[in-house]
Amino acid sequence: MRQFIALCALVMLLVAPSISVSASHPLLESVRPLSMAGIDDETGQAVFGNICTVSSINEKRRLWLTAAHCVEGTEAKYILGEQILVVMRDVTNDIAVLSTPLASLPALKLAQAGPKVEDRVRVTGHPFGYPYPLVTFGWVSSPYVVLSPELPPFMLIQVTGAPGNSGSPIVNTKNEIVSVLQISWGRSFSPMLGGATFQKLVQYASYWQ
């Protein structure tokens, strides 16, 4: 979804600040929007707009997972009102790990094994910068596919998502992360999404520990 991030940032500048979610579902407890500050043209006041999605991966160390294109540029980004620090940013494979000074949430675990074709998965995130997260369900179309020589390998999934879902965790039926959402096709809700391959996430498994 990197081609949509600039559009999302502009559209969502007038969205209200992130709203606290109180729910028992582990995905809703562990996922929040990534926000960026902007100026309201009418009031001249600073406002936060939700541009992507992050998930907690290490509560003690206050680490978060997202897509690398979500934190491109020099503008300050925020999680739960706290400015983030980019701990790791793999631009080639579009994966980033962030940290916050104090904010933390229950962490999602990295799966012990990668998914197979037709395995059930779900995505939780903030499409179009919605302040509340949405959960969508589907299955793995291909755990590893090369769409173009210019692009890294992707995991393709049949799950509905939209701009703003970038960085959302893709989890299995045990709510374990198997991928992080990176791309869709279309400006509205798309039924086919692409994320990092499980093998790429495993390279950064130390951040979950």
Side-chain angles (χ1 to χ4, degrees), residues 1 5 8-9 12-40 45-91 94-111 122-135 164-171 174-182 195-196 201-209:
M1 295 184 186
I5 190 167
C8 287
M12 297 315 302
L13 283 177
L14 299 181
V15 172
S18 304
I19 296 175
S20 177
V21 177
S22 176
S24 59
H25 196 292
L27 294 181
L28 300 182
E29 292 177 345
S30 302
V31 173
R32 290 295 185 273
L34 180 70
S35 302
M36 187 168 69
I39 302 298
D40 186 331
Q45 299 295 314
V47 293
F48 284 96
N50 300 334
I51 58 172
C52 280
T53 300
V54 300
S55 58
S56 173
I57 58 173
N58 190 310
E59 183 174 2
K60 183 177 181 180
R61 295 167 61 192
R62 299 176 295 281
L63 298 180
W64 310 80
L65 177 70
T66 193
H69 72 265
C70 291
V71 290
E72 63 188 3
T74 58
E75 302 88 349
K77 313 291 192 309
Y78 301 85
I79 300 171
L80 294 171
E82 295 187 3
Q83 186 168 342
I84 61 103
L85 172 69
V86 178
V87 178
M88 181 280 294
R89 183 168 181 255
D90 182 343
V91 176
D94 203 10
I95 301 170
V97 174
L98 318 176
S99 69
T100 46
L102 297 173
S104 65
L105 291 175
L108 296 173
K109 294 181 180 180
L110 180 66
R122 58 175 64 91
V123 170
T124 303
H126 297 265
F128 301 120
Y130 295 154
Y132 289 102
L134 300 181
V135 181
N165 271 125
S166 283
S168 295
I170 302 172
V171 304
K174 299 179 181 179
N175 294 321
E176 298 170 333
I177 296 179
V178 296
S179 183
V180 56
L181 189 62
Q182 298 169 336
L201 283 190
V202 169
Q203 293 182 13
Y204 300 106
S206 61
Y207 292 109
W208 273 266
Q209 300 169 357

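Worth knowing before you read on, the calculation uses all heavy atoms, side chains too, and leaves out hydrogens, waters and symmetry mates.
Listed for the Gln182 side chain is a donor-acceptor partner under 3.5 Å among the backbone atoms of Asp94. In this structure, the side chain of Asn58 engages the main chain of Arg61 through a donor-acceptor pair within 3.5 Å. Thr53 places no side-chain N or O within 3.5 Å of a backbone atom of Gly125 that could act as its donor or acceptor partner. In this structure, Glu82 contributes its side chain and Ala103 its backbone to a donor-acceptor pair below 3.5 Å. Remark: the backbone N or O of Val135 is not paired with any side-chain donor or acceptor of Thr124 at under 3.5 angstrom. Within the 3.5 Å criterion, the main-chain N or O of Glu72 finds a donor-acceptor partner in the side chain of Lys77. Distance alone, capped at 3.5 Å, places no donor-acceptor pair between the Ser99 side chain and the Arg62 backbone.
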message: Test side-chain contact (heavy atoms from CB on, under 4.5 Å) on Asn175 and Arg122; report intermediate values, then the result.
response: CA-CA 8 Å; Asn175 294 321; Arg122 58 175 64 91; 3.0 Å; yes
message: Show, in sequence, the C-alpha distance, side-chain angles and deciding distance for His126 and Asn165, and conclude whether the side-chain contact (heavy atoms from CB on, under 4.5 Å) test is met.
response: CA-CA 5 Å; His126 297 265; Asn165 271 125; over 6 Å; no
- request: Check the pair Val180 / Ile170 against side-chain contact (heavy atoms from CB on, under 4.5 Å), numbers first and verdict last.
  value: CA-CA 6 Å; Val180 56; Ile170 302 172; over 6 Å; no
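Applying the side chain to side chain contact (heavy atoms under 4.5 Å, CB included) rule to Lys174 yields the partners Asn172, Glu176; only residues at least two apart in sequence or on another chain are considered. For Tyr78, the ring pair (Phe, Tyr, Trp, His ring centres under 6.0 Å) partners are Phe48, not counting sequence neighbours.
Looking only at side-chain heavy atoms (C-beta outward), Ile57 and Leu110 stay at 4.5 Å or farther from each other. Looking at heavy atoms from C-beta onward, Leu134 lies in side-chain contact with Pro127 at the 4.5 angstrom threshold. In this structure, the side chains of Tyr204 and Asp90 come closer than 4.5 Å at one or more pairs of heavy atoms. Considering only heavy atoms from C-beta on, Leu105 stays 4.5 Å or farther from Glu59 through its side chain. Annotation: side chain of Ile177 is in contact with side chain of Leu65 (closest heavy-atom distance under 4.5 Å). Residues Pro169 and Val31 have side chains in contact (heavy-atom distance under 4.5 Å, counting atoms from C-beta outward).
Across all non-hydrogen atoms, the minimal contact from Gly167 to Cys70 is N-SG, 4.4 Å. Pro33 and Val54 get closest at one heavy-atom pair: O-CG2, 4.4 Å. Residues Ala196 and Ser179 approach most closely at O-OG, 2.5 Å, considering heavy atoms.
Here the straight-line distance linking atom CE of Met88 with atom CG of Leu98 works out to 9.0 Å at 0.5 Å rounding. To the nearest 0.5 Å, the span separating CG on Leu34 from OG on Ser168 amounts to 11.0 Å. Taken from CD in Glu29 to OG in Ser56, the straight-line distance is 11.0 Å, to the nearest 0.5 Å. Of the inter-residue distances, the one linking Leu201 atom CG with Trp208 atom CH2 reads 5.0 Å to the nearest 0.5 angstrom. With rounding to the nearest 0.5 Å, the separation of CG in Leu108 from OG in Ser55 is 5.5 Å.
Remark: the Ser35 side chain and the Asn50 side chain contain an N/O donor-acceptor pair separated by less than 3.5 Å. Side-chain contact check for Thr100 and Trp64: at least one donor-acceptor pair (N or O, by modelled atom type) lies under 3.5 Å.
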